[in-house]
Amino acid sequence: MGTGERNQEAHVSEGSAATPPRTLAEALRTRGDASLAALLRARPDLLSPVPNDLSQLATRAATRASVVRALERLDRFTLQTAEALAVAPDPAPYEALRALMTGDDGDPAVEAALPGAVGTLRDQALLWGADDRLRLVRTARELLAPSPAHPSPTGLGPTVAEATAGMSPGRWQETLAAAGLPPTHDPVSAVTALAALFSDRTRMSALLDTAPPEALMVLERLVWGPPYGEVTPDPAPPVRWLRDRGLLLPTSLRTVVLPREAALHLRAGRAHRVPEPVPPAVVPAHAYSPQVVDSTAAGQAYTALATVEELLKDWNEGGPAVLRSGGLSVRDLKRTATALDMPEHTAAFWVELAYGAGLLASDGEASERYAATPAYDEWLELPPQEQWTRLATAWLHATRTAGLVGSQDAKGRILAALGPDLDRSAAPEVRRRVLALLADLPEGAAPAPEQVLARLRWERPLRGAGAASGAASASASASASASASAGTPGDLRSRIALWTLTEAELLGVTGRGALSSHGRALLAAGHGTGAGTGTGIEEATAVARAAELLAPLIPEPLDHVLLQADLTAVAPGPLRRPLADTLDVLADVESKGGATVYRFTPASVRRALDAGRAASDLHAFLAEHSRTPVPQPLSYLIDDVARKHGHLRVGVASAYVRCDDDAMLGEILADKRSQGLGLRRLAPTVLAAQADPAALLEGLRGMGFAPAAESAAGDVLITRAHAYRTPPRTAPAPVPEGPPTPDDTLLGAALRAIRAGDMASTAVRKEAPAAAPSPGELPRTTSAETLATVQAAALTGSAVWIGYVNADGAASQRVIAPVRVEGGFVTAYDHTADEVRTYPLHRITGVAELADSP
């Protein structure tokens, strides 16, 4: 038997019990374990901590914070059902709810979906009672019912009884007379008579037939809400006509309201203008061949790997400084975006992705700055497909939201990349749900973003509206609908959804807007579940499958380039790492794209010579890795720079220059550009400088020379770039949105504890000769009575009820079945804890027999 069938049986039992439940706790006691497990899985906050019994579970389920969380997870139609119950009589029969949802004309789609919505509300303990007495949890009714401060999304106002509270008897008589009702001196009878008139279709229609056309126009403006309107002390005749007959009731000197019963008549009995029983469809807007989608996504996946590598290579010797408030400065983000040749918001995404994957972190030093982590070196050694799955998995689980970079927080401060305020706990769920909607489409199909947003708003209308508290959440639902119709995503969930579509394309999870095969495989872990995450084994399997599908689509790295006569080299595809690393030193990247163009310059060749390469090494390297002959201009360039390289030597005096060619030193002294270096001749082959060696090197290179630095021993210093790494750092942990969904083991243990505690708190005790303790009070017996009772229970195998105080002084009630009594201790099976325990007799405050042993 499935969970749904067991829940249905529990609900039938609740509705068909001989004695209807009087409270939510009693309704929960009629449920089976499968139904209670479904409740705890849907509302995991109820398990923090585990309730002692079902009464405590019911109390916790009715608290404001928990109810708000539950309402935020309802879809639009289920929420509309709850809103209709909030304006219905309490309790309300199912037929009254159906009439509010379908209206006088009926609606087959609503009628078909309504039992499921009612079942969902019951499953989540927001609704209880049999079908003839449906009761919305009081807290939910308070949050969703109309009030002047927080109008209901239904647009309905207060009832006649609520709007006329405190009305004078004289005003009542005038209203009844104008409405054609017999006078009465009893306000209760007057309210009943006026409400009955407004609820009677025939009499209400006859009354409205006598209304002036202008009065009907006033009602049309108020009927769908808001139901309140302002009036002057001397209102116009149409308004006066409505007010005299109670169709507009005064709430203050200048405000009137359309009563709920009258509004429902004008709406033909419907609580909502547009019920939405069916979710908006997400259909393909474009269709491509799955092979085209996969190849496009794979190409973008390889670009993603190259972008992350280029970013961290740019920060290889230590990246930008960390702001005092945390994060990356706007200037450093602009510089990074320029280096990566992309917009700033895209650069922020890659920076955040590297940070979320644990490849980038702050070094924690006094002058704190960002740098690659040791994990980056490990990541570089992975195959490309595994590099990608690590990035994609980190993106799926991350709560950090790069799209917020550049926006302002509640205090008007700009949110910085890598800053502390970018976590949004809803982000992983939204990402998973957006990709799941893409996965539900045929392979190669891409939907329109507007359809995805409309579906998400239907599935979580309150959360999409950014609701923070109950009544505010309810009123925000209407604004979310308006935003959806206008097509402008102003709420956070919609913006995260749009960012997800963009980021998935950048990362190569999708291609041309359609989910790729490796993206579909990556999503397989937990696909379709509420939490959106699977077990560790499921996720590892999904990651391995995604890597397996992506591997043949990624181009094989090349071991060659094409050298050209204009001092450029063309890499027709990705290069193997040793070749790419050497070429990055020997040449400058001129352009990127399908092929990368490198340009050789005197400065780049000198950079390679500074790194310890000899001219012969460079000639051999180019000849080995070029599919075309090495052009003569490039050979001449290398030889020319090598001939000059190291001819001048710079050391520490403050700094000095030495050269075997005294004519060259004389040329340097005669050059006006050397004046800032403070040079003077110490010997025919030595010049001393007031500048430090680094400034002297740069100055001479700016004059067109190719000096080399030397050590104190006179050896040429090799200026090879060194990699700066942070200490080992863990990737940032996602910020949870709330308590995690409990697993089956925790649910089973929690249910046993709740059932046992409920049995202990509701067990029927035998009447004692003395006054029985009041509910919640510990039993009190003498030591002799306690010993005799537990000994008798051990002999007969029966259960008893005890009061117990532990070593910390905490008192509790327990139902135990004594097994052995000796040495001042009683060993018993504790039904409350579902285990065998030993209790000191002196800590048992009292004992009472049960009427029926469990």
Side-chain angles (χ1 to χ4, degrees), residues 64 82-92 96 100 133-200 203-204 207-208 215 218-219 221-235 239-267 269 271 470-472 474-475:
R64 183 183 180 91
E83 291 164 353
L85 281 167
V87 298
D90 187 28
L100 284 171
R133 293 177 63 84
L134 295 176
R135 288 183 177 274
L136 197 64
V137 172
R138 183 181 63 183
T139 309
R141 175 176 286 273
E142 292 173 353
L143 293 172
L144 299 175
S147 69
H150 302 290
S152 168
T154 61
L156 293 169
T159 62
V160 171
E162 294 167 347
T164 57
M167 183 180 288
S168 65
R171 182 74 181 88
W172 261 121
Q173 299 309 315
E174 295 173 2
T175 302
L176 294 176
L181 297 173
T184 175
H185 296 289
D186 181 7
V188 177
S189 300
V191 168
T192 303
L194 191 61
L197 169 64
F198 293 162
S199 303
D200 189 315
R203 290 194 295 157
M204 185 64 169
L207 176 62
L208 292 177
V218 172
L219 293 178
R221 289 197 296 269
L222 299 177
V223 63
W224 291 107
Y228 294 89
E230 292 187 3
V231 296
T232 61
D234 184 19
V239 176
R240 188 181 304 114
W241 190 93
L242 295 170
R243 189 184 62 179
D244 292 344
R245 287 155 182 79
L247 291 169
L248 292 180
L249 295 171
T251 58
S252 66
L253 293 177
R254 300 181 60 86
T255 308
V256 293
V257 67
L258 176 65
R260 187 181 305 169
E261 295 86 347
L264 286 173
H265 172 83
L266 295 169
R267 298 177 174 196
S475 62

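These numbers come from the heavy atoms of this one structure, side chains and all, not from hydrogens, waters or symmetry mates.
Heavy atoms only, all atoms of each residue included: Leu136 and Ala82 are closest at CD2-O, 3.6 Å. For the residue pair Ala86 and Leu144, the shortest heavy atom distance occurs at CB-CB, 3.7 Å. Shortest non-hydrogen contact noted between Pro158 and Val257 is CD-CG2, 3.5 Å. Minimum interatomic distance between Leu156 and Ala263 (heavy atoms only, all atoms of both residues): CD2-CB, 3.8 Å. Between Leu242 and Ala215, the closest heavy-atom pair is CD1-O, 3.6 Å.
Here the CG-CZ distance, from Leu85 to Arg135, works out to 12.0 Å after rounding to the nearest 0.5 Å. Interatomic distance, Thr139 OG1 to Arg64 CZ, rounded to the nearest 0.5 Å: 8.5 Å. Put simply, CG on Leu247 and CG on Leu222 are 11.0 Å apart, with the number rounded to the nearest 0.5 Å. Between the CG atom of Leu194 and the OG1 atom of Thr164 there is a distance of 7.5 Å, given to the nearest 0.5 Å.
Using a 4.5 Å heavy-atom cutoff, the side chains of Val191 and Trp172 are in contact.
In this structure, Arg133 places its CZ atom where only 12 or fewer heavy-atom neighbours from other residues, nucleotides or ligands lie under 6.0 Å away.
Applying the side chain to side chain donor-acceptor pair (under 3.5 Å) rule to Arg138 yields no partners; only residues at least two apart in sequence or on another chain are considered.
In this structure, Arg141 contributes its side chain and Ala145 its backbone to no donor-acceptor pair below 3.5 Å. Formation of a donor-acceptor pair under 3.5 Å by the Arg267 side chain with backbone atoms of Val223 is found in this model.
Counting only residues at least two apart or on different chains, the salt bridge (charged side-chain N to carboxylate O under 4.0 Å, His left out) pairs with a member in residues 151-169 are Glu162-Arg260.
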>> Using the rule given for side-chain contact (heavy atoms from CB on, under 4.5 Å), can you reason through Leu219 versus Leu208, listing the C-alpha separation, both sets of side-chain angles and the distance that settles it, and then say yes or no?
In response: CA-CA 10 Å; Leu219 293 178; Leu208 292 177; 3.9 Å; yes
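The side chain to side chain contact (heavy atoms under 4.5 Å, CB included) test with Leu181 singles out one residue from Arg245, Arg203, Gln173, and that residue is Arg203. The one candidate from Leu264, Val160, Thr159, Leu266 that meets the side chain to side chain contact (heavy atoms under 4.5 Å, CB included) condition with Phe198 is Val160.
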Which donor-acceptor pairs under 3.5 Å do side chains of residues 224-235 form with protein atoms, sequence neighbours excluded?
residue : atom : partner : partner atom : Å
Thr232  : OG1  : Asp234  : O            : 3.0
Asp234  : OD1  : Arg240  : NH2          : 3.0

